[in-house]
Amino acid sequence: MTEAPESLNFLEQIIAEDLANGLAPDKLRFRFPPEPNGYLHIGHAASICLNFGLGKKFNAPVNLRFDDTNPTKEEQEYVDAIRYDIEWLGFQWDKECYSSDYFQELYDWAIELIKQGKAYVDGQSPDLIAEQKGTPTTPGKASPFRDTSVEENLDLFQRMKEGEFEAGTYVLRAKIDMSSPNMLMRDPLMYRIVRKAHHRTGTEWCIYPMYDWAHGQSDYLEQISHSLCTLEFKPHRELYDWCLDQIYDNNKLRPKQREFARRNLSYTVMSKRKLLELVQSKTVAGWDDPRMPTISGLRRRGYTPASIRKFSELSGISKRDGVTDVSLLEFCIREDLNKTATRVMGVLDPVKLVITNYPEGKEEMLVAENNPEDPNAGTHEVPFSRELYIEREDFKEEAGSKFFRLTLGQEVRLKNAYIIKGESVVKDEKGNITEIHCTCDLDSKSGSGTEASMRKVKGTLHWVSIQHAIKAEIREYDRLFLDEAPDSHEGKDFMEFVNPDSLKIIKEAYLEPFLQEAKLDDKFQFQRLGYFTLDKDATSERLIFNKTVGLRDTWAKQQSQPAQQGNKPSQPSKGQPQGQRSAINEIQKISKKYTNLSGDKLANAKASIMNLAEGVSYEELQPLFNTAAKKVGTRIGVMITLGVLLNKGLVRNSEIDAFIEAGLNDKNELLAEEAKAIK
RNA sequence: UGCCCGAUGGUGUAACUGGCAACACGUCUGAUUUUGGUUCAGAAGAGUCUAGGUUCGAGCCCUAGUCGGGCAACCA
């Protein structure tokens, strides 16, 4: 009977509260308000999924509104791209709106404000106006135009509209409060003159409203109930409300602005300006370069709409800014593709394998399962013959017992084919392996049901038949930046962290012929390698596949651990290394619950700490002197450890004395006791 | 020097509004496996920024600090 308590994010809670306080459910309406000045990225996807998700959850319409009040930056190209991306993500908007649809209403309201003495035309230079604004800590000064008469303001504003003045000569300002602690309330600009054709209104207007005068009013006109934006707009809320106050009619719904944290992804940047810089500097091939965090880039890379929606869902919504690890995004796409991608075989770094006991000239078609996760996915045929390619790294002449691949004298299975045994290698004069010779157990054909075919072997390799293989270009991508948060370093430009090896092109890889028929949106798993999708540059003569993401690879992980190779950007490693625990960590762990113990258990804990303390250095211990007073257990553990170190000849210093002194004076008897013992 | 916002495992979020700090990713074991994938079972990892206070009881409420972020575009 009791439902699992559904956990709402803070915005859903606000909406639920409004509903509980009497807001009619059919009044709910949301909007996604992009400025058409760039392409959508994964951060926008969070906002899209939030707004459209809310619409779905509360059964409310969601408008798509292009916030197009600045013709110097905005273009139809972006409008089209944004529309496409949202639909591709799987969302449908109710009304398609444009701020520019409201230019007339906005203008009329501005006239009203002037008439009420709440707005004035300012003819000063931008510099002067900025100077008069003051600073966050010092109040601003009134403009000499602040007290211009209503009639004169009306006349000036009219002439602004009619194009009598040059761009930059006059602006309309709201008359609010030049000494407000909120800089945005210091007589903000409402209108400026811009001499540029607008992508929708053409040259009809030469004055354009600013964001603050347009956004809330647009929400109001569309009767948006909840206007959700990112954190940096928080200070705008006061102005948003002020603007609404000027025009608000009690019979209508009053929109409410609320703010949430934007979604950042590790190892990339997310601002349109920086993405544009990557494009313009030719660091990437375009907005839809598969390394870009744009929706179009992710799409080209092979990400699915479902995976991006899942990512947004798992990331959640909050008011605290942070960086979400790309591993979550990768998890989402693997999860989706594992269930849907067709399994195929392709060899990226080939070495020739000859099956010496397989008849020359013979070829046979073998059956390959399209997707083991989906019994209804069917099968396809794959040609087999005496000479194959296998992956170079799948063979070692001599290998340890942990190598589950082909070695001399060992058996492995060729996926969907036969069990083979490595026999000998052919090398060139430099000692490079040019051919591997093996024999195969002709009774072991996969799916034949013979006893031989059921045999357990150490590993399974993917392969292609040389004579049947088709060639293709493969593009593998690595993270675009070497740093987890490339734009978070003061004094360093994010471009310094660009990963020079983010793109690896394999000009000639060998694929099974089934792939000749691949179409643009098809998703494949190249078995044991990863997920791949056809690139839009591909033609039937020249196939090109993008690697979306690799399979999880515990083998590669093991390999790179001891060597600690620097060729792959290492995982973020803040704090303690995981998996192993040092003595000091162990002491902390035991100490934590120290005060809950008594009798034998207490004695045992103390003994363990003293024992572990033998392996602790002063450098490790010293930082723990700052342990919060309330973490008594930890401080006791530190005190005991300190005692052991002092016993071993550690020289006292002021830090140590201070720590002991604090312990002596502590309310906790156990701590005071330990302190006394080493005083 | 002002105003606003935030702070919970390595990361992202929860904690039904004061009651045993949970979930996911990641990490590590083990089992299964014709993908070193998937799946399954398990583990480690948090004294909830600090110091006080209210309370039988505080991640949550109050006070004061600390740290981080935002705010002075004719951008949105």
Side-chain angles (χ1 to χ4, degrees), chain A residues 4-9 13 33-35 37 67 69-70 72-73 126 129-131 133-140 167-168 170-171 180-184 186 189 191-194 208 210-212 214-215 229 231-238 259 261 263 266 272 314-325 327-332 334 338-339 343 345 369 372-373 402 404-405 413-417 419 446-447 453-454 456-457 459-462 525 527-530 551-558 571-576 578-581 589 592-593 628-631 633-634:
Chain A
E6 187 191 16
S7 139
L8 301 177
N9 68 46
Q13 286 180 26
E35 183 190 9
N37 70 340
D67 216 342
T69 57
N70 184 3
T72 60
K73 288 182 170 177
I129 291 178
E131 198 188 310
K133 273 214 168 151
T135 71
T137 51
T138 58
Y170 286 94
V171 291
S180 168
N182 183 348
M183 296 292 290
L184 289 161
R186 322 247 258 229
L189 271 59
Y191 272 93
R192 76 286 212 193
I193 299 169
V194 179
Y208 291 91
M210 300 288 290
Y211 166 85
D212 289 298
H215 202 92
C229 58
L231 248 30
E232 70 267 26
F233 288 96
K234 176 72 219 282
H236 290 253
R237 186 148 113 197
E238 193 180 355
E259 310 81 16
R263 179 66 42 205
S266 62
K272 284 191 208 169
L314 292 182
S315 299
I317 294 291
S318 73
K319 293 180 75 166
R320 112 197 219 212
D321 33 28
V323 182
T324 303
D325 202 290
S327 66
L328 186 63
L329 219 209
E330 291 177 347
F331 162 78
C332 292
R334 285 194 187 108
N338 175 50
K339 286 184 295 205
R343 268 54 170 183
M345 291 191 286
E369 223 179 347
E373 306 295 314
K402 282 171 77 184
F404 300 164
R405 304 178 182 187
R413 186 187 304 276
L414 293 174
K415 179 78 185 173
N416 298 319
I419 292 173
S446 291
S453 73
M454 315 283 261
K456 301 260 181 250
V457 290
T460 302
L461 307 187
H462 61 274
Q525 185 198 91
Q527 291 193 93
R528 305 209 300 135
L529 296 177
L551 260 26
R552 271 186 80 229
D553 192 346
T554 48
W555 170 243
K557 224 178 281 174
Q558 283 176 42
Q571 284 292 89
S573 57
K574 275 193 264 173
Q576 294 298 336
Q578 293 172 29
Q580 77 234 13
R581 221 179 357 248
K589 193 188 161 201
K592 232 191 244 181
K593 283 152 194 160
K630 117 179 160 192
K631 299 175 187 171
T634 302

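Chain A is the first sequence line, chain B the second, and so forth, proteins listed ahead of strands; every chain is numbered from 1. What you see below is based on every heavy atom in this structure, not just the backbone, and it leaves out hydrogens, waters and symmetry mates.
If you take atom C1' in G57(B) and the same atom in A64(B), they sit 24 Å apart, rounded to whole Å. With C1' as the reference atom, A46(B) and G59(B) are 11 Å apart, rounded to whole Å. Atom P of G18(B) sits at a distance of 23 Å from the matching atom of U13(B), rounded to the whole Å. Between C5(B) and U63(B), the distance separating the two P atoms is 13 Å to the nearest Å. Straight-line distance between the C1' atoms of C23(B) and A76(B): roughly 36 Å, to the nearest whole Å. Separation of the P atoms belonging to C20(B) and U66(B) is 33 Å when rounded to the nearest angstrom.
Here the P atom of nucleotide C4(B) and the CZ atom of R237(A) are 13 Å apart, to the nearest Å. Summarising the geometry, the separation between CD on E330(A) and P on G12(B) is reported as 16 Å, rounded to the nearest angstrom.
With sequence neighbours left out, E373(A) forms a side-chain contact (heavy atoms from CB on, under 4.5 Å) with N338(A), R343(A), N371(A). In this structure T460(A) satisfies the side-chain contact (heavy atoms from CB on, under 4.5 Å) test together with R413(A), K415(A), sequence neighbours excluded. Listed by chain and residue number, S180(A), L184(A), M185(A), P235(A), E238(A) satisfy the side-chain contact (heavy atoms from CB on, under 4.5 Å) test with N182(A) (two or more places apart in sequence, or in another chain). Take F331(A) and apply the ring-ring contact (aromatic ring centres under 6.0 Å, His included) test, not counting sequence neighbours, and it matches no residue. With sequence neighbours left out, the side-chain contact (heavy atoms from CB on, under 4.5 Å) criterion links S453(A) to S448(A), T450(A). A search for salt bridge (charged side-chain N to carboxylate O under 4.0 Å, His left out) contacts involving R237(A) returns E259(A), not counting sequence neighbours. With sequence neighbours excluded, no residue forms a ring-ring contact (aromatic ring centres under 6.0 Å, His included) with H462(A). Residues satisfying the ring-ring contact (aromatic ring centres under 6.0 Å, His included) test with F404(A), not counting sequence neighbours, are none.
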query = Which letter, B, S or -, goes with each nucleotide of nucleotides 63-76 of chain B from 5' to 3', with contact meaning a protein heavy atom under 4.0 Å?
reply = ------S-SB-BBB

key: Sugar-phosphate or base contact per nucleotide [nucleotides 54-62 of chain B; S, B, -; heavy atom under 4.0 Å]   = ---------

note = Protein heavy-atom contacts under 4.0 Å, written 5' to 3' over nucleotides 29-42 of chain B as B (base), S (sugar-phosphate only) or - (none), form the string ----SBBBBS----

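Contact annotation for A629(A): backbone-only contact, meaning every heavy-atom pair under 4.0 Å involves sugar-phosphate atoms and none involves a base. Residue contacts for Q13(A): at a heavy-atom cut-off of 4.0 Å it reaches a base atom on one of the strands shown. Contacts of L461(A) with the nucleic acid, taken as non-hydrogen atoms under 4.0 Å apart, are absent.
For K234(A), no side-chain nitrogen or oxygen approaches OP1 or OP2 of C3(B) to under 4.0 Å. The shortest distance between the side-chain N/O atoms of S318(A) and the OP1/OP2 oxygens of U13(B) is below 4.0 Å.
Because its glycosidic torsion is more than 90° from 0, U38(B) is reported here as anti.
The side-chain heavy atoms of M210(A) and V171(A), taken from C-beta on, include no pair separated by under 4.5 Å.
Using cut-offs of 30° and 60° on the angle between ring planes, the pair H236(A) and Y211(A) is perpendicular.
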note = Base-pair string, RNA chain B, Watson-Crick plus G-U, cut-off 3.5 Å on both distances, | for inter-strand, is .((((((..((((.....[..)))).(((((.......))))).....(((((..]....))))))))))).....

